[in-house]
Amino acid sequence: MAGGGSIQGMRTSLSNNKRLLRKKSLFRPERTFLSLKSEYIESAGGEIALKKATKSQLRAIRLKIIKEKEGEFYTICITLLVLLSIIGLVTYNVSQSNNITKADVEKIQLKDKAERSLVYILKGDNWLKERSWHNAIFEYEIANKILPNDYVINHRLANAYSLRCENEFKDCLKGKKLVDRLIKQFPQKTELLELKERLEYEY
């Protein structure tokens, strides 16, 4: 049969493969640590002679290790101190620069407020010359909101209150409260006594 030849060929191939597997490998096995150790022991006469360290040698080794560790510890400490010093110096310089910056900003802001309040003070002075007490008070109050602790502005406002109280009998209580506060804050300012006399209706 035609198929018989192919089957016979397959059997022959399998048989040859089995023979090859049973043959000894042509390559030498890799040399492992254990095989190398065995070879070394054999070449040394079957035994390995290890030299035992004396107590003094062990003590010297121990002291050396301790000194090395102490040296590493001191190095780390010095490094940390240097780093902390640098960080502290940088932080101080930054805080100083921030303080200077804040002071400069406050000066600029104060100058800006003084310039803006001056506009309303001049307007109030003009209204005061024209005996328009209400308009003068209006301008001075705006300036007072910009710089509430400025004596010049507060004095002008109190003066306008006192003149309106004297001439129109209005804003007398406001004038009295403001004059009393200014006298407590600035007892050396004798001009405030004149304003107090104008507000006699409230005293």
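Heads up: numbering here begins at 1 and tracks the sequence. Excluded from the calculations below are hydrogen atoms, water molecules and symmetry mates; all remaining heavy atoms, backbone and side chain alike, are included.
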Test side-chain contact (heavy atoms from CB on, under 4.5 Å) applied to Glu115 - qualifying residues, sequence neighbours left out: Lys111
Side chain to side chain donor-acceptor pair (under 3.5 Å) contacts in which one or both residues fall within residues 65-75, not counting sequence neighbours: none
Verify same cluster id: Leu193, Leu178 (apolar side-chain graph, 4.5 Å): no
Counterpart residues, side-chain hydrogen bond (donor to acceptor under 3.5 Å, both in side chains), relative to Asp125 (two or more places apart): Tyr140, Arg156
Ion pair check, Lys145 and Glu141, cut-off under 4.0 Å: no
Main-chain N/O of Lys174 paired with Asp171 side-chain donor or acceptor, under 3.5 Å: no
Residue Arg59 excluded, over 12 heavy atoms near CZ under 6.0 Å: no
Contact list for residues 178-198, test ring-ring contact (aromatic ring centres under 6.0 Å, His included), sequence neighbours left out: Tyr151-Phe186
Where at least one partner belongs to residues 161-182, residue pairs that pass ring-ring contact (aromatic ring centres under 6.0 Å, His included), sequence neighbours excluded: Phe169-Tyr201
Sub-4.5 Å side-chain heavy-atom contact between Asn159 and Leu128: yes
Expected output: side-chain Asn167 to main-chain Leu163 donor-acceptor under 3.5 Å: yes
Glu194 atom CD, over 12 foreign heavy atoms within 6.0 Å: no
Shared hydrophobic cluster, Leu157 / Leu118 (ILVMFWY, side-chain heavy atoms < 4.5 Å): no
Minimal non-hydrogen separation, Leu199 against Lys176, with atom names: CD1-N, 3.5 Å
Rounded distance [0.5 Å steps], CD1 in Ile137 versus CZ in Arg164: 5.5 Å
Closest heavy-atom pair and its distance - Leu147, Ser117: CD1-OG, 3.5 Å
Shortest non-hydrogen contact between Asp150 and Ile153, atoms and distance: OD2-N, 3.0 Å
Residue pairs, two or more places apart or on separate chains, that pass ring-ring contact (aromatic ring centres under 6.0 Å, His included) and touch residues 116-137: none
